[in-house]
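Since the structure comes first, as structure tokens, the remarks are kept for the end.
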Amino acid sequence: MTLPSFARDDIVAVALAPGVGLGLATPSRRWAIPATDPGAVLGAIHGDRGPRWVWWGRDAAADPIARAGIPVDRCWDVSAVHRLLEGGWRAPLGLVWASLRDLDLDTLPQMGQLGLLDGAVDEGDRDQPLRPDGHLRPEWVDGGFRETPERLAAWAALALDAMRVQERRLARRAEPEQAMATARSESAAELLCAEMTAHGLPVDEAEARRLITEAAGERPSSVADEDARRAERDDLVLQHLDSRRQVNLRNPAEVKAMLRREGFDLPDTRAWRMETLRADEPLIDALLTWRRAERIATTYGWRWLDEHVRAGRLRGEWAGSDGAAGRMTASAGLHNLPAVMRPLVAAEPGHALVRADLGQIEPRVLAAVSGDVGLIRATRQDDLYAPVASALGVERDMAKVAVLGAMYGATTGASAGALAGLRTNYPVAMELLEHAAELGRRSQDVFTVGGRRVRMGVTGDTDGDIDRAVSAAAARGRFARNALIQGAAAEFFKVWAITVRRRGRPLEAEVVLCLHDELLVHVPVAHADAAAVMVESAVHEAARYWSPQPDVRFVADVCVIDRWSEAK
DNA sequence: ATCGTAGGCGCC
DNA sequence: AAAGGGCGCCTACGAT
């Protein structure tokens, strides 16, 4: 059969499934194309620069497209846009559709309850994606959409309908154009996440084994061996105790009781509380050292290596906006690999890593979203905190603590003292934060500059306990205050990441890690320097696309390295 | 057995 | 400097 061809301005919905085929849909036509390798077929249709593709989300399109390596830049991911509109985490498609069509959530069909309500619901034609009551058919959501090319085409067509409704809802946001732009960038970021999930992060496995051995000992040969090594680690702490009494170091309550017997009365046993004591107290020092080693042994040890590292790549599940404020998330330790383990992340032979991080991203984003002229002026400096310090008449470090404290909602200590100075010098920025905090305390949702709803949750039953209600409200205030900044920073970061992804293609540069304000790009050595220049200029391109305030300056630190640990 | 929660800690 | 926001993942433990 002849394949359809599309212009760049076209908007085409797609769903595909390996071994089955692909379905395409425009407002006026559908194509049901059988193919065992639908990725190859779609790649041929797409060419170098295809239309804007529309899809339901990861299952129906982004994941298979990522695995097929199709160079799609412009897309619309209905699930990702749903999270932008409604807030919160990844939602089942049945819920996404119900919320778009304002369907009753009480009648939302669940998988596995089909027999239960026999006769209660008119099942209609099972070869149609919608039930007569308007809900998505749960068995279609659960994989039924990919049974035949015809079903894939029907599924794609429905995604097109969903997109139209989402566009109308985005148009009702306070800043419709910004919201529409965010919908597109969040969609592309979700595709990037599909690619990072499929391809993984390059890892030097020999170095990984060496680091794990250093931290946790040789690979245990048996369960008994593993127990013995645990006991050895424990003894380094327990030897400081006179008492014969057994203390389970993994039980915080027992540790707290033990410390009390030893003369340390602490409200909890968190590391920062004990940090100042460790210089003079061998027991405390041993305990803190044990905690660090235990963390690596349990979380980043041999089991972690076996489960997540294969064929030189560390693979985790990436999501574009599964955080409350819209940050990316990643499993398999990709976002919290301890610094001492970072040497295991290394470029493959013939390749290099370009590592880049945005400098002082949160206060710069605050300047952008608030439009505070004083703060915008401060962003001209490489070190934004220097002009803030002179304005406040305090030391530079104090200025930093004060600004961060204002964005996190700190209430005590030195940063609270500097708050008055911040209010005087940066009234617009501080007012924005205060307003967000007030909305949060009142349990009202807030919206990022990109139009993302951030849910404040239900008020919560505090059983009439006034103290608990007040402290819960205060916590919501801190959360809302921070969410505007964290969420906007996440939006800007994702625009940067997808810009690097797109601009990196001619250089064979691949984004392999996103870490809130930091990017790792894997690139052939021959293109490494060009990639570094591109990553830097992508910051400014992203700022032009994203920033509501063109005068805000964003900065990045960029370097070419072989191992992640060589950075800085 | 399986679940949710808490304390703890890694990263930003 | 203070201990504030986010996430994932570990162990222990109580409830089911």
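These values consider heavy atoms only, across backbone and side chains, with no hydrogens, waters or symmetry-generated copies. Labels below follow one simple rule: chain letters A, B, ... track the order of the sequence lines, proteins then strands, and each chain is numbered from 1.
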Report the distance from atom [atom1] of [X] to atom [atom2] of [N], rounded to the nearest whole Å.
X	N	atom1	atom2	value
A:Trp318	C:dG8	CH2	C1'	12 Å
A:Arg250	C:dA12	CZ	P	6 Å
A:Asp227	C:dT11	CG	P	13 Å
A:Tyr408	C:dA1	OH	C1'	14 Å
A:Asn248	C:dC10	CG	C1'	13 Å
A:Leu314	C:dC9	CG	P	11 Å
A:Leu433	C:dG4	CG	P	18 Å
A:Leu484	C:dG6	CG	P	13 Å

Using 30° and 60° as the class boundaries, would you call the ring planes of A:Trp546 and A:Phe492 parallel, tilted or perpendicular?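 Judged by the thresholds at 30° and 60°, the geometry between A:Trp546 and A:Phe492 is tilted.
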
Looking only at side-chain N and O atoms, does A:Arg478 come under 4.0 Å of OP1 or OP2 in C:dG6?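 Looking at the OP1 and OP2 atoms of C:dG6, neither is under 4.0 Å from any side-chain N or O of A:Arg478.
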
Under-4.0 Å side-chain N/O to phosphate OP1/OP2 contact, A:Asn251 with C:dT11: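 So the side-chain polar atoms of A:Asn251 never come under 4.0 Å of the phosphate oxygens OP1 or OP2 of C:dT11.
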
Mind checking if [X] touches a base, just sugar-phosphate, or nothing, with heavy atoms under 4.0 Å?
X	result
A:Asp322	nothing
A:Trp304	nothing
A:Gly405	base
A:Arg230	nothing
A:Asp397	nothing
A:Ala325	nothing

Does one side chain, of [X] or [Y], offer a donor that lies under 3.5 Å from an acceptor on the other?
X	Y	answer
A:Trp496	A:Glu491	no
A:Ser443	A:Arg476	yes
A:Gln486	A:Asn482	yes

Taking any atom closer than 4.0 angstrom to a non-hydrogen atom of chain A, what span of DNA chain B does the protein reach, first nucleotide to last?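 Going 5' to 3' along DNA chain B, contacts run B:dG7 to B:dC12.
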
Which of residues 275-302 of chain A have a heavy atom under 4.0 Å from DNA chain B?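 Output list: A:Arg291, A:Arg292, A:Arg295.
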
Basic-acidic side-chain contact under 4.0 Å: [X], [Y]:
X	Y	answer
A:Arg229	A:Glu218	no
A:Glu434	A:Arg441	yes
A:Glu186	A:Arg83	no
A:Glu214	A:Arg210	yes

Heavy atoms within less than 4.0 Å of DNA chain C: which residues of residues 327-340 of chain A have one? Give them sorted by number.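 DNA chain C contact set from residues 327-340 of chain A: A:Arg327, A:Thr329, A:Ala330, A:Ser331, A:Ala332, A:Asn336.
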
Quick one, A:Leu520 and A:Val511 - any side-chain contact, counting heavy atoms below 4.5 Å?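 They are not in side-chain contact.
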
Does A:Arg310 have more than 12 heavy atoms from other residues, nucleotides or ligands lying within 6.0 Å of its CZ?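 It does not: A:Arg310 CZ has 12 such atoms or fewer within range.
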
Which is more 5' along DNA chain C, the nucleotide nearest A:Ala475 or the one nearest A:Arg303? Just name the residue.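 Going by which nucleotide is closer to the 5' end, it is A:Ala475.
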
Show the nearest heavy-atom pair for residues A:Asn248 and A:Glu254, with the distance to one decimal.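 Minimum heavy-atom separation between A:Asn248 and A:Glu254: N-OE1, 2.8 Å.
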
Any donor-acceptor pair under 3.5 Å from A:Arg364 side chain to A:Thr379 backbone: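 A pair under 3.5 Å: yes.
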
Establish, yes or no, whether a centroid distance under 6.0 Å links the rings of A:His199 and A:His522.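 No, the ring centres sit 6.0 Å or more apart.
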
If you check every side-chain atom of A:Trp89, which of C:dC10, C:dC7, C:dG5 has the closest atom?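 The nucleotide sitting nearest to the side chain is C:dC7.
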
